[in-house]
> 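What follows is a single structure, and I will ask about it in a moment.
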Amino acid sequence: DFAGGGLGFRINTMASFASRALLRKVAQEPAKAFGQRLTNTVTRRNMATEPGAPAKVNFWEAPTNIPAWKEEHIVIAVLTGWAVVIWGASKAFGGGKKEAAPAK
């Protein structure tokens, strides 16, 4: 029944009710409060390191100073090293396919 009593009408009504409630909530929250919340989030993230610790750098900026690297770059380097070792070992000790002796 498309005249207003069917399921489609109820779903649209519920969706519009939910969207109106969300818009009301957002409109009541001042923009300044949103900006303060964003600033607090950024400040907290910046304070995640120790106060007196030297700044972490990208590995390509100081390739010989591993303690100064960002932690995620250390993880990437270690995983890459393990991948190279495993690949090299499989090539060296894997044996590969051996040619079958020709039938006589």
Side-chain angles (χ1 to χ4, degrees):
D1 181 69
F2 295 107
L7 181 61
F9 178 74
R10 281 189 233 140
I11 291 174
N12 289 339
T13 304
M14 290 174 15
S16 65
F17 177 74
S19 63
R20 280 194 306 257
L22 180 63
L23 286 174
R24 229 177 297 136
K25 182 179 179 182
V26 170
Q28 289 173 354
E29 182 177 326
K32 186 175 182 181
F34 177 74
Q36 287 175 343
R37 189 173 51 210
L38 181 63
T39 302
N40 290 340
T41 303
V42 171
T43 304
R44 262 188 280 136
R45 179 63 186 130
N46 289 340
M47 298 175 90
T49 60
E50 294 183 29
K56 298 289 185 179
V57 296
N58 296 321
F59 73 91
W60 56 85
E61 294 171 353
T64 57
N65 189 8
I66 295 174
W69 289 2
K70 294 180 179 179
E71 286 79 10
E72 54 269 22
H73 293 183
I74 294 171
V75 170
I76 291 171
V78 169
L79 291 176
T80 303
W82 275 108
V84 168
V85 168
I86 291 169
W87 178 80
S90 71
K91 290 296 180 186
F93 304 112
K97 292 184 178 180
K98 298 192 181 207
E99 292 184 27
K104 292 186 180 184

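Only this structure's heavy atoms are used, side chains among them; waters, hydrogens and symmetry mates stay out.
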> Among all residues two or more places apart in sequence or in another chain, which pass the side chain to side chain donor-acceptor pair (under 3.5 Å) test with E61?
N58

> Hydrophobic clusters here meaning ILVMFWY residues chained together by side-chain heavy-atom distances under 4.5 Å, can you tell me if W82 and F59 are in one?
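Yes: a chain of side-chain contacts under 4.5 Å links W82 to F59.
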
> Considering all heavy atoms of both residues, which atom of I66 and which atom of I74 are nearest to each other, and what is their separation?
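Heavy-atom minimum between the residues: O-CD1, 4.0 Å.
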
> May I ask you to decide if P67's main-chain N or O and K56's side chain share a donor-acceptor pair within less than 3.5 Å?
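The answer is yes, because a donor-acceptor pair under 3.5 Å joins these two groups.
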
> What closest approach, in Å, do P63 and W69 show between heavy atoms, and which atom pair accounts for it?
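Between these two residues, the closest heavy atoms are O-CZ2, 3.3 Å.
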
> Can you name the closest pair of heavy atoms from W60 and H73 and give their distance?
CZ3-CE1, 3.9 Å

